[in-house]
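Working notes, beginning with the structure itself.
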Protein chains: 2
Amino acid sequence: MIVRQAANVLEIMEFFAQTRKPATLAEIADHFGWPRSSTFNLLATLSEKGYLYEPRPRAGFYPTPRWLAMARMISEVEPLPTWTHTLIADLSAETGETASIVAPAGVMAVFIDVVESQAAIRYFATIGHRVPIHATASGRALLLQYSQEERDAVYRKIEFKQYGPSTPISIEAVELELRNSVSRGYCQSFADYSRDLAGAAIPLPIGDRRLSVVVAGPEFRIGPKVVEVAALIARTVDRLRPKAAA
Amino acid sequence: MIVRQAANVLEIMEFFAQTRKPATLAEIADHFGWPRSSTFNLLATLSEKGYLYEPRPRAGFYPTPRWLAMARMISEVEPLPTWTHTLIADLSAETGETASIVAPAGVMAVFIDVVESQAAIRYFATIGHRVPIHATASGRALLLQYSQEERDAVYRKIEFKQYGPSTPISIEAVELELRNSVSRGYCQSFADYSRDLAGAAIPLPIGDRRLSVVVAGPEFRIGPKVVEVAALIARTVDRLRPKAAA
DNA sequence: GGAAGATGTACATATGTGTGAATTTATCTG
DNA sequence: CAGATAAATTCACACATATGTACATCTTCC
């Protein structure tokens with residue numbers, strides 16, 4: 001069950017992150033199609049807790065810097081080492097595609113850092129974006145780091161759906177693809193989950209954290225050069241990863 | 001009416017900002033005294049939206065960097081000029097007390113930047129902290145920047161409460177104190193709102209934004225030196241504020 | 001290796017909450 | 001400066017939702 005008012009808080013914040021300017025109660029209510037009274041309650045709650053204020057009289061609400069302060073505190077802990085961002089920035093620059101760092105979240109994989117392609121047609125992904133762990137290159141690069149028991153536990157929770165023609169729809173299919181990835185030397189996906197989307201990924205263990213790097217873009221661009229892209233990822237990781245670390 | 005589940009989202013985030021490590025469903029439920037089932041729903045909602053993930057198997061949930069990405073987007077817009085942070089940093093260093101930048105939020109004043117005193121006994125305030133606009137030095141420094149009509153509008157919404165012996169409990173009392181502040185050259189408060197707390201503040205208009213700076217601490221430390229503190233604030237603002245700006 | 005305990009998930013139902021309509025307050029217009 | 005229009009609040013009730021209970025799954029310890 002999805003907690004509506006919890007989701008609404010996030011929606012409001014995303015709204016402000018997009019518009020980047022104060023908004024009045026009426027504007028917010030209209031934008032979301034929420035009743036004014038409900039919007040009033042929500043805004044009052046956020047204000048009361050010190051997360052919204054009125055920068056200038058009658059110009060509406062805007063988030064306080066408290067969000068930033070809190071987010072900083074949270075992200076200070078085990079931040080990603082700086083070289084991982086360089087990694088995806090370099091990869092994106094060299095390939096012209098979107099590159100990301102990905103982490104596990106149950107049966108899903110979450111994008112925790114993203115550098116977007118500049119191309120007009122591109123893979124549009126943002127930090128926080130989630131994809132099924134078994135049906136994506138990045139996800140399978142995570143699964144490769146699991147023990148057999150851990151993978152089995154994950155499999156039990158997966159609802160196998162036919163997202164696209166090549167989606168693996170059984171445990172065996174996933175395990176087979178994992179074995180193939182090992183012998184191939186990298187993970188790949190051709191529209192296994194998202195239409196027209198292809199990607200190449202490799203595992204990226206950092207300390208005891210299981211992460212992966214992925215480069216993804218439209219099938220027609222990535223397809224012909226998966227091998228090179230995968231090789232490039234491996235080379236770039238080699239170049240940037242501090243030698244001392246695991 | 002306060003929207004409970006909206007507040008709960010904030011509580012969870014504050015919880016993570018404090019503990020700074022992943023927490024399991026059970027830990028979170030126990031910490032807040034929430035039922036497991038409800039906690040489950042909330043965590044599921046936050047995860048589904050891409051704001052929570054599981055950094056490592058079975059170690060529980062932790063916020064994704066999406067919070068940070070969003071907060072950055074929001075705060076990029078009209079951030080405070082850098083000199084205002086220097087200002088309160090200097091003030092705090094010189095006085096040994098807590099110094100803050102404050103903005104209006106209806107009948108309240110919100111702390112939008114804070115540098116805390118290092119003293120054992122100190123004014124504990126965080127970004128997002130809210131105080132009544134009429135019963136605090138910082139708040140009155142905001143009111144001084146309003147027109148008479150605007151002030152009247154605010155007064156109509158204030159519930160006058162006797163927070164302490166010296167709290168102004170009428171419009172006249174507030175207006176009188178404002179006039180006194182003007183002739184005195186700065187705003188002050190001696191436990192008008194918080195017990196044992198005293199502060200000195202001056203208006204700090206920046207562009208068309210109405211802000212104020214305040215230095216606050218225990219009455220026994222601030223009391224004897226309000227005049228100097230106020231003078232110091234004025235001098236420091238003079239020194240740091242770019243001459244070109246309004 | 002198996003039983004006890006802890007943790008995570010599903011679901012029906014009573015209760016707390018979102019909402020539409022009414023009221024108050026602010027803003028615009030001639 | 002009315003009188004009209006739009007925005008912000010308040011409130012009582014119907015219904016969506018948070019929760020207690022039951023079940024499943026994982027972990028621990030003997």
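Sequence lines set the chain letters: A, B, ... in the order given, protein chains first and strands last, and positions in each chain run from 1.
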Short side-chain N/O contact from [X] to OP1 or OP2 of [N], under 4.0 Å:
X: Arg4(B); N: dT17(C); value: yes
X: Arg156(B); N: dA8(D); value: no
X: Ser38(B); N: dT19(D); value: yes

What integer distance in Å separates [X]:[atom1] from [N]:[atom2]?
X: Arg36(B); N: dG8(C); atom1: CZ; atom2: C1'; result: 8 Å
X: Ile158(B); N: dT25(C); atom1: CD1; atom2: C1'; result: 16 Å
X: Glu150(B); N: dT25(C); atom1: CD; atom2: P; result: 19 Å

Can you identify which nucleotide, out of [options], has its nearest atom closest to the [X] side chain?
X: Gln5(A); options: dA18(D), dG18(C), dA26(C); value: dG18(C)
X: Ala26(A); options: dT19(C), dT9(C), dA7(D); value: dA7(D)
X: Asn41(B); options: dG20(C), dG8(C), dT19(D); value: dT19(D)
X: Val3(B); options: dT19(D), dT9(D), dG18(C); value: dG18(C)

inquiry  = Strictly below 4.0 Å, N to O, side chains only: are Lys157(A) and Asp152(A) in salt-bridge contact?
reply    = no

request  = May I ask you to say whether Arg130(B) pairs ionically with Glu48(A), meaning some side-chain N is under 4.0 Å from a carboxylate O?
outcome  = no

remark   = Of Pro35(B) and Lys157(A), the one whose closest nucleotide on DNA chain D sits nearer the 5' end is Pro35(B)

Proximity of Phe124(B) and His129(B) rings by center, below 6.0 Å = no

task = Test for a donor-acceptor pair under 3.5 Å between the base of dG20(C) and the side chain of Ser37(A), counting only N and O atoms.
result = yes

